[in-house]
Protein chains: 4
Amino acid sequence: MSVPKAAAPKGAVNKGRAEQLYASLSNTRQCTLSLARPLSDEDQVVQSMDDASPAKWHLAHTTWFFEAFLLSQFNERYKLFNEDFLYCFNSYYEGKGTRHPRSSRGLLTRPSATDVRAYRAHVDEALEKFFKTGSLNDEVLDIIELGINHEQQHQELLLTDILSLFASQPLRPAYTQAALSAADRFHAPGAVANDGGIVEIGHQGAGFSYDNEGPRHEVLLRPFTLTDRCVTKGEWLEFMADGGYERHEHWLSDGWAMVRQEGWRAPLYWENHEGEWRQMTLTGMRPLDPAAPVAHISYYEADAFARWAGKRLPTEFEWEIASQGLSETGRTLGSNALRPSPVGEANQNLQQMFGDVWEWTQSHYSPYPGYSQPEGAVGEYNGKFMCGQFVLKGASCVTPDGHSRATYRNFFYPHQRWQFTGLRLADN
Amino acid sequence: MSVPKAAAPKGAVNKGRAEQLYASLSNTRQCTLSLARPLSDEDQVVQSMDDASPAKWHLAHTTWFFEAFLLSQFNERYKLFNEDFLYCFNSYYEGKGTRHPRSSRGLLTRPSATDVRAYRAHVDEALEKFFKTGSLNDEVLDIIELGINHEQQHQELLLTDILSLFASQPLRPAYTQAALSAADRFHAPGAVANDGGIVEIGHQGAGFSYDNEGPRHEVLLRPFTLTDRCVTKGEWLEFMADGGYERHEHWLSDGWAMVRQEGWRAPLYWENHEGEWRQMTLTGMRPLDPAAPVAHISYYEADAFARWAGKRLPTEFEWEIASQGLSETGRTLGSNALRPSPVGEANQNLQQMFGDVWEWTQSHYSPYPGYSQPEGAVGEYNGKFMCGQFVLKGASCVTPDGHSRATYRNFFYPHQRWQFTGLRLADN
Amino acid sequence: MSVPKAAAPKGAVNKGRAEQLYASLSNTRQCTLSLARPLSDEDQVVQSMDDASPAKWHLAHTTWFFEAFLLSQFNERYKLFNEDFLYCFNSYYEGKGTRHPRSSRGLLTRPSATDVRAYRAHVDEALEKFFKTGSLNDEVLDIIELGINHEQQHQELLLTDILSLFASQPLRPAYTQAALSAADRFHAPGAVANDGGIVEIGHQGAGFSYDNEGPRHEVLLRPFTLTDRCVTKGEWLEFMADGGYERHEHWLSDGWAMVRQEGWRAPLYWENHEGEWRQMTLTGMRPLDPAAPVAHISYYEADAFARWAGKRLPTEFEWEIASQGLSETGRTLGSNALRPSPVGEANQNLQQMFGDVWEWTQSHYSPYPGYSQPEGAVGEYNGKFMCGQFVLKGASCVTPDGHSRATYRNFFYPHQRWQFTGLRLADN
Amino acid sequence: MSVPKAAAPKGAVNKGRAEQLYASLSNTRQCTLSLARPLSDEDQVVQSMDDASPAKWHLAHTTWFFEAFLLSQFNERYKLFNEDFLYCFNSYYEGKGTRHPRSSRGLLTRPSATDVRAYRAHVDEALEKFFKTGSLNDEVLDIIELGINHEQQHQELLLTDILSLFASQPLRPAYTQAALSAADRFHAPGAVANDGGIVEIGHQGAGFSYDNEGPRHEVLLRPFTLTDRCVTKGEWLEFMADGGYERHEHWLSDGWAMVRQEGWRAPLYWENHEGEWRQMTLTGMRPLDPAAPVAHISYYEADAFARWAGKRLPTEFEWEIASQGLSETGRTLGSNALRPSPVGEANQNLQQMFGDVWEWTQSHYSPYPGYSQPEGAVGEYNGKFMCGQFVLKGASCVTPDGHSRATYRNFFYPHQRWQFTGLRLADN
């Protein structure tokens with residue numbers, strides 16, 4: 001986590017920043033609750049697979065973060081809501097003691113959803129008091145800011161995990177009934193060129209960022225182009241029709257092994273009903289929208305598609321540089337679509353960069369030159385995952401508004417498909 | 001399922017039997033609901049392991065049975081509550097079409113627990129009407145009687161599955177707070193002798209029984225003795241202290257492999273807290289009661305204990321013959337203990353035969369001579385499981401009252417431990 | 001192992017028996033070597049699957065038996081060939097110390113096949129000397145007799161394991177080129193009736209037997225019939241053509257799970273080449289011989305076939321009683337066929353009882369009443385396997401001549417298929 | 001594969017190059033045979049684990065390469081030695097038809113080792129003739145050169161795979177008895193600095209290289225230092241003594257999971273005998289040589305060691321640039337050591353760069369900018385493996401002499417340890 005270069009010394013109270021953060025914190029905490037509102041208590045307790053977590057767990061874990069890293073560290077009078085929760089709702093912080101095994105999160109019928117809501121209220125109240133009476137120096141505010149961003153990440157996970165759960169049930173329930181405009185046609189992909197050269201990559205200056213976004217450093221790029229929009233479901237159908245999932249020559253060796261082992265024939269959540277493809281979404285089972293970006297594909301599939309198309313995936317550096325000057329907003333959670341939306345008209349610009357789907361890059365998730373992992377449990381946030389994963393850029397239709405930026409580095413394993421992951425093509 | 005030799009022809013209405021069955025049905029249906037009452041909706045949705053099912057699933061599946069085998073077969077005007085439920089709540093009846101996979105029962109957050117309660121009410125109402133207006137011949141009454149017994153079996157499973165779930169949670173919640181008398185001392189085991197000879201085994205005559213309890217047939221037995229009570233937890237501690245779980249010579253080859261693979265060191269649900277053994281029960285975590293029968297042991301453990309003690313397990317035939325003349329009642333569900341109770345004083349008789357714990361026998365679960373599996377989906381009830389399992393006799397502390405008899409054949413795989421399973425020793 | 005009731009006291013020298021045993025020993029040891037002769041050293045080192053062992057391992061392990069249980073116990077001057085071999089070639093005798101893991105037997109390129117042959121020569125020489133100078137009392141002779149029978153069992157395993165290895169190789173090599181008469185037609189199965197009643201089962205009196213064949217005891221049987229010959233491959237093709245492997249109603253629950261998991265569509269070693277079924281045999285890939293007994297089927301398949309045919313499998317007691325008065329010989333290893341031979345003409349008698357294929361019975365492999373396992377490592381021979389397996393009676397085309405008898409109890413798990421296992425039908 | 005910019009047109013005969021290549025080819029083919037000479041036929045047939053292959057398979061597969069890609073393509077009169085071999089000895093070339101599964105390579109007792117030697121002779125003879133009479137244009141010579149390099153890679157694998165096999169056997173046999181000088185002391189690591197800047201990376205110009213070494217391109221590097229020698233076993237003992245394998249904070253998340261799952265406590269092949277560490281080597285079981293480079297460590301271990309030491313692993317670019325101007329020779333296969341040798345005296349230079357152990361870099365194995373995979377089966381050589389693996393630089397004590405260069409990119413998965421893999425530290 002890099003922090004704003006505060007004019008005031010680290011230990012001093014920073015009142016303006018505090019007020020701003022408190023507004024953001026309240027908003028984020030409320031938003032999480034409202035995301036859980038369409039869910040029954042039963043929906044919130046179950047874990048669909050090892051990669052996913054129950055909604056209740058997300059609600060509790062994001063609260064645990066503030067209790068473990070802030071309230072019990074900086075507030076002597078803070079009383080733990082329940083000591084057992086420290087064990088139940090730790091995720092992967094080895095430095096924070098033993099923890100409930102990840103694959104057993106779905107067994108926790110107790111504490112109940114009601115208990116977890118009370119836990120949230122208890123911590124929210126303590127946070128409110130803390131803002132009134134605590135010593136709000138930058139060390140403390142940094143942790144709060146990290147906690148807000150941490151909770152925003154879990155908001156996205158809560159939704160992707162619910163989709164995974166609902167898609168695994170015979171009734172295929174809808175999370176919400178929100179309607180969505182559809183479109184049949186999409187413009188042919190255009191190419192936006194970039195000259196490359198020596199460019200600056202990574203975060204610097206004011207504003208929040210994660211530790212993995214720095215240090216800012218120079219990178220040498222060759223000239224490249226990016227397509228002006230994401231690959232659509234209509235294009236993906238062409239790939240499938242051309243034997244995309246049957247021809248080994250498009251695939252990485254590990255990807256081809258996965259195709260055969262898992263029997264992949266289409267993106268995750270696509271189902272074939274008597275010859276017609278439909279897709280399970282947060283708004284229930286739907287006909288495919290050919291003009292919308294394809295989502296729920298693995299890195300292996302993105303890479304295979306790019307080879308089939310005679311192109312390649314961009315590097316994370318190319319994507320970041322190409323996004324310079326663009327508004328860092330798009331169809332994210334606030335748009336209320338909850339699934340990728342149809343492409344707009346061609347307009348010579350890069351579209352869909354910060355919304356709709358996270359975009360796979362060919363960049364392995366590695367430390368930037370000069371990166372060093374922070375000490376202590378907070379240091380486990382990013383650095384220890386820098387092996388075997390790939391960087392995704394942008395944001396998705398379920399990313400909280402404001403929770404992305406050009407330097408943001410999302411990362412997943414190449415076989416994972418349950419996030420809203422898609423692709424954009426690059427060329428030399 | 002064998003049925004009473006009714007004087008009236010099969011198709012005729014049997015009014016006395018119908019009245020009796022309706023009372024039993026109402027009682028059973030009510031009892032299931034009351035067993036679920038201490039559970040939250042969250043408790044009811046989760047599946048702790050493949051062998052277990054969620055409580056909600058038990059509530060729905062026992063209802064499905066009446067809908068699938070009775071109402072939709074014999075009541076033209078019956079309207080299905082919800083067509084999807086046919087798929088969701090079939091268990092293993094291949095003859096009844098496709099079904100939701102067993103290991104995914106815990107994913108079903110929808111239909112909700114509320115929906116399932118409504119489903120029960122819908123079917124209960126239809127059953128009530130059916131008793132008033134339907135053609136209550138013996139074919140129909142046989143199915144109802146089977147449905148009652150089927151639901152009683154699931155009442156026991158509901159409790160054992162909840163224990164499995166609660167034992168897997170860090171908070172180790174109690175299903176109920178019911179107190180229980182404890183005792184420290186237990187009388188030395190006595191031996192009750194039997195002469196053997198040619199004996200009759202299996203069910204015959206009036207009263208319900210499952211198909212696997214017949215045909216009644218002759219078996220030749222040698223003289224034998226049974227101990228007058230079950231093996232206690234105190235005795236099991238002696239076995240453990242004598243290296244019972246460390247010395248291969250007591251164990252079957254498959255059992256020894258399981259001990260090493262699973263790291264078994266004590267019965268299931270026993271936990272060692274700083275040198276003292278405690279046990280997770282339906283009334284929460286408790287100190288061991290040395291005078292109560294050991295429970296939650298596998299066949300492998302029962303067999304190893306018997307070898308260590310210089311004895312053997314009884315055959316199912318020995319057990320059945322020895323129980324002749326005894327009352328078929330004991331500490332079952334109505335006693336409200338929910339865990340095995342301390343042994344009484346020695347009194348020259350066989351104690352604890354029909355209650356406390358199911359008793360492993362050395363008899364492989366095989367068809368009786370002349371057995372033939374009934375046709376159709378109901379025929380899948382018993383016969384297809386006659387491979388690799390062992391017969392247990394008696395009843396347990398969570399068996400519904402009246403749901404056992406001398407000829408009853410319970411059966412489980414030799415590695416399974418989550419039922420209330422114990423043992424009694426035999427000798428030549 | 002039960003032993004002849006010798007007139008002489010246990011410790012006394014029994015010269016006649018000794019001479020007889022030495023001849024049998026020499027013959028058996030030679031026979032093992034000659035079975036390995038068609039194999040290269042490479043063929044002898046590889047293990048095709050966990051259930052099978054390398055030929056070299058069989059050669060060494062049968063030698064180890066004499067070293068571990070006889071020479072190093074009863075011959076003070078005996079010098080171990082190589083101390084490491086004690087570890088390398090122990091099979092499952094927990095009482096004989098640690099041992100090389102079963103699944104890693106195929107890694108042992110050292111000791112070499114040449115070393116193993118030298119090991120055999122070393123032990124053979126020591127055995128010869130021992131017969132000349134040792135104290136040949138009955139305790140010692142019992143061990144030698146057990147060693148001979150043990151080695152005969154491994155002769156059969158050596159051949160079945162080589163078939164498994166050769167069938168797993170792309171070149172499908174033949175172990176031998178021996179020709180074999182074939183036949184297209186087979187007589188319709190006849191039924192041989194038996195009255196049942198109280199019968200005596202198990203071994204008694206002179207002649208070798210394993211411990212699991214006793215004690216001899218009375219069993220009560222109902223009248224039954226057995227078909228006069230084994231089920232043929234031609235009949236198996238009818239079962240397949242009638243959807244035998246696709247219709248769940250014929251199958252045990254565990255068997256049906258195995259069919260779907262493993263994709264079974266025919267017996268092991270059957271391969272379909274462009275619509276025609278062939279079979280891999282010890283004489284290479286061959287057309288199916290419809291008149292020969294089907295082999296390489298699991299218990300599950302045998303049971304399913306019997307249900308499909310409207311019959312059942314015999315119990316081990318029925319088989320044993322029905323075989324009384326028959327010659328205990330047949331098409332075994334000495335016949336040199338190395339695969340089951342066509343059925344002869346119908347002649348009112350039971351044919352193919354002691355040869356061609358081992359016949360599955362419906363009897364779970366359990367101890368006889370009064371059985372108790374011998375003490376020490378030799379006691380691990382049989383008793384500890386009495387769980388989850390089924391008894392097979394008779395002998396197969398690769399059983400050494402003289403290595404079967406009416407009371408013999410072979411046993412395998414219900415899913416195992418790599419032995420020469422077939423079936424005969426029973427009826428009430 | 002990039003090829004020398006030949007002055008002559010592609011189709012023209014290149015006599016000088018042909019002569020040189022033939023000498024190299026003969027030498028390489030001879031060398032492979034001589035590496036197999038200390039092995040029995042039994043040693044050559046067995047596969048110790050999925051990652052490894054039998055020696056016989058290496059001998060055959062390297063021969064298959066010339067048959068499949070050269071002789072059967074460019075020599076009309078060439079007669080296949082045996083059509084089955086095409087299937088048996090294909091490795092992973094999906095474009096070359098079906099192939100024997102990798103994990104079953106150890107089942108191939110047939111073809112025999114003798115057959116494989118005859119196969120080699122047959123192909124060698126055909127190659128000799130081809131050099132005399134064939135049309136030796138550059139297309140053909142490129143394939144031959146690739147075949148030579150391919151075979152050299154398999155020479156190294158043959159030795160690492162034999163070490164894996166011998167280490168898995170209870171007798172721990174030695175591949176060779178060659179003695180080796182040992183040393184107890186090693187100089188403290190020095191640091192060699194480099195200024196970085198815009199540098200050229202990748203192969204260009206004359207001389208063989210693999211396709212993955214290009215295109216040559218510019219990279220921007222920051223100043224860095226490398227230690228002047230590899231990390232030694234003595235230093236690794238310090239890491240272990242300091243709890244290196246017990247403290248999660250040094251480890252990548254995936255690495256820590258592997259440590260716990262596999263129970264790693266030391267490098268592969270280290271064994272603790274009563275408190276003293278020894279190591280299994282190609283010269284048998286040996287005391288640890290503290291002055292020699294540590295080998296047989298995974299990427300996870302290399303990374304954890306570097307963090308523990310307060311350093312990091314170099315990037316592949318740093319390593320390549322630092323090696324400029326150094327001789328590309330070192331303790332490789334020709335030195336006959338067969339295990340890493342003790343460090344020399346400090347001398348201000350980088351030592352052990354091209355020999356002793358392959359050095360893990362922090363660089364994910366990715367395509368260079370502008371890389372495109374060649375068409376056809378030869379194109380499967382490198383590109384399809386560019387996911388999830390890490391680049392290693394240098395060479396090892398079992399790399400054939402001349403088979404490395406500054407631009408060489410070796411690659412393995414981060415959990416793999418059976419190669420001679422070590423590390424050198426970097427710092428900013």
Side-chain angles (χ1 to χ4, degrees), chain C residues 36 38-50 52 54-57 59-60 81-90 97-101 103-117 119 161-175 280 284-285, chain D residues 36 38-50 52 54-57 59-60 81-90 97-101 103-117 119 161-175 280 284-285:
Chain C
L39 304 174
S40 70
D41 288 359
E42 292 168 75
D43 293 333
Q44 294 190 42
V45 73
V46 172
Q47 179 175 28
S48 64
M49 60 169 181
D50 280 10
K56 181 169 77 177
W57 192 91
L59 266 68
F81 179 74
N82 183 327
E83 205 163 324
D84 293 321
F85 284 35
L86 286 182
Y87 173 84
C88 293
F89 300 121
N90 183 358
T98 58
R99 57 208 158 89
H100 190 60
S103 58
S104 300
R105 287 179 185 165
L107 296 177
L108 294 172
T109 66
R110 319 279 180 100
S112 69
T114 304
D115 291 339
V116 165
R117 286 186 289 263
Y119 179 37
D161 294 355
I162 280 297
L163 176 54
S164 169
L165 174 63
F166 282 7
S168 70
Q169 297 194 21
L171 304 189
R172 305 280 191 283
Y175 167 76
M280 176 63 185
M285 190 64 75
Chain D
L39 304 174
S40 70
D41 287 0
E42 293 169 73
D43 292 334
Q44 294 189 42
V45 73
V46 171
Q47 179 175 29
S48 64
M49 59 169 181
D50 280 10
K56 182 170 75 178
W57 192 91
L59 266 67
F81 179 74
N82 183 328
E83 204 163 323
D84 293 320
F85 285 35
L86 286 183
Y87 173 84
C88 293
F89 299 121
N90 183 356
T98 59
R99 57 205 158 91
H100 190 60
S103 59
S104 300
R105 288 179 186 165
L107 296 177
L108 295 172
T109 67
R110 318 279 181 101
S112 69
T114 304
D115 292 340
V116 164
R117 285 186 290 262
Y119 179 38
D161 293 355
I162 279 296
L163 176 54
S164 169
L165 174 63
F166 282 7
S168 70
Q169 298 194 21
L171 304 190
R172 304 280 191 284
Y175 167 76
M280 177 64 185
M285 189 65 74

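Every chain is numbered from 1, with letters handed out A, B, ... down the list of sequences. Model, not experiment: these values are computed from the prediction.
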Peer 1: Report the option among D:V45, D:D43, D:D41 that has the most heavy-atom pairs separated by less than 4.5 Å from atoms of chain C.
Peer 2: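 With the most close heavy-atom pairs to chain C, the winner is D:D43.
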
Peer 1: Please determine, among D:L108, D:L107, D:V46, the option with the most heavy-atom pairs under 4.5 Å with chain C.
Peer 2: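 Of the candidates given, the most pairs with chain C belong to D:L107.
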
Peer 1: Walk me through whether D:S164 and D:D161 qualify under side chain to side chain donor-acceptor pair (under 3.5 Å).
Peer 2: CA-CA 5 Å; D:S164 169; D:D161 293 355; over 6 Å; no

Peer 1: Between atom CZ of C:R117 and atom CG of C:L59, what is the distance when rounded to the nearest 0.5 Å?
Peer 2: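 Nearest 0.5 Å value for the CZ-CG distance: 8.5 Å.
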
Peer 1: With a 4.5 angstrom heavy-atom cut-off, which part of C:Q44 approaches chain D: side chain, backbone, both or neither?
Peer 2: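 Contact with chain D: none, neither part.
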
Peer 1: How many angstroms lie between atom CD of D:Q169 and atom CZ of C:R110, to the nearest 0.5 angstrom?
Peer 2: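 It is 7.5 Å, given to the nearest 0.5 Å.
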
Peer 1: Select one option (side chain, backbone, both, neither) describing which atoms of C:L171 are under 4.5 Å from chain D's heavy atoms.
Peer 2: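 C:L171 touches chain D through side-chain heavy atoms alone.
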
Peer 1: Hey, is C:D115 close enough to C:K56 for a salt bridge, meaning N to O under 4.0 Å?
Peer 2: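 No, this pair does not count.
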
Peer 1: With a 4.5 angstrom heavy-atom cut-off, could you sort out which part of D:L165 is near chain C: side chain, backbone, both or neither?
Peer 2: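 The side chain, not the backbone.
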
Peer 1: From C:F89 CZ over to C:D84 CG, what is the distance, rounded to the nearest 0.5 angstrom?
Peer 2: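 C:F89 CZ to C:D84 CG: 10.0 Å, rounded to 0.5 Å.
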
